[in-house]
Amino acid sequence: AQSVTQLGSHVSVSEGALVLLRCNYSSSVPPYLFWYVQYPNQGLQLLLKYTTGATLVKGINGFEAEFKKSETSFHLTKPSAHMSDAAEYFCAVSGDNAGNMLTFGGGTRLMVKP
Amino acid sequence: EPEVTQTPSHQVTQMGQEVILRCVPISNHLYFYWYRQILGQKVEFLVSFYNNEISEKSEIFDDQFSVERPDGSNFTLKIRSTKLEDSAMYFCASTSGLGRPDTQYFGPGTRLTVL
């Protein structure tokens, strides 16, 4: 069984400040981990994903995430927030078989203040 | 860039009515999925579909739900007799089946409102 917990349903940062969105997972198999972003009235867009190998993963729009097995975490960061980053962010986990479902966390709404 | 499309974007229906939500997955993809997101809650897996049959389904996907790939391009979700609690955003997704992991590409969703 797999599960994902995202700490903080709402995070507010100032423009230019560090963004840190937290994700912890539970998985009985080696996990594949994902971050998706959802802009208002839009679908889910993949930001980045962790497979195997390098634990620091870089994604689109300047985001990156680090896989820490010992902490079962996959936190999302961005050094400098931009107003356009305001959106809802979802962490998700899947198994490694083709066609595996995604299990999502509850989401974190990021607000960026000018 | 290829994308998953969904129609309609909004659907309003009366309780007890049947609805069909439509999706056009990316053309060379092999696996298809439906997820739903009740307002204010997390995205939940409903069902996955491969080789013209259901490969996995959640507890939510009961006898009121069915999926079909009626032709080479469409993938549909039918709810036979809608309930108030079926009100949600429904997302379709597809994958190629080739990646490890397999990236799921999502459509923009259909907002279903049951009155």
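No side-chain heavy atom of B:T95 sits less than 4.5 Å from a side-chain heavy atom of B:L30. A heavy-atom distance below 4.5 Å is not found between the side chains of A:K78 and A:E64.
Using a 4.5 Å heavy-atom cut-off against chain A, the contacting residues of residues 107-114 of chain B are B:G107, B:P108. Listed by sequence position, B:F45, B:S48, B:E56 are the residues of residues 45-62 of chain B in contact with chain A, using a 4.5 angstrom heavy-atom cutoff.
Ion pairing of B:R80 with B:E18 is absent here, as no side-chain N (NZ or NE/NH1/NH2) approaches a carboxylate O to less than 4.0 Å.
B:F106 has its ring centre no less than 6.0 Å from the ring centre of B:Y33. Aromatic pair A:Y36/A:F90: ring centres not closer than 6.0 Å.
In this model, no donor atom of one side chain and acceptor atom of the other lie less than 3.5 Å apart for B:Y90 and B:Q11. Looking only at atom types and distance, the side chain of A:Q2 has a donor-acceptor partner in the side chain of A:S27 under 3.5 Å away.
In this structure, the separation between CG on A:L21 and OG1 on A:T108 is 5.5 Å, given to the nearest 0.5 Å.
Connectivity analysis of hydrophobic side chains (ILVMFWY, heavy atoms under 4.5 Å, direct or indirect) links B:V12 to B:L115. Here A:L56 is tied to no hydrophobic group at all, with no ILVMFWY side chain closer than 4.5 Å.
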Worked verdict on B:L21 versus B:T7 for side chain to side chain contact (heavy atoms under 4.5 Å, CB included): CA-CA 7 Å; B:L21 309 183; B:T7 55; over 6 Å; no
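Contacts between B:Q37 and chain A at a heavy-atom distance below 4.5 Å involve the side chain alone, from C-beta outward. The part of A:L46 that comes within reach of chain B is its side chain, from C-beta onward, which places non-hydrogen atoms under 4.5 angstrom from that chain. When heavy atoms are compared at a cutoff of 4.5 Å, A:Q38 approaches chain B solely by way of its side chain, counted from C-beta outward.
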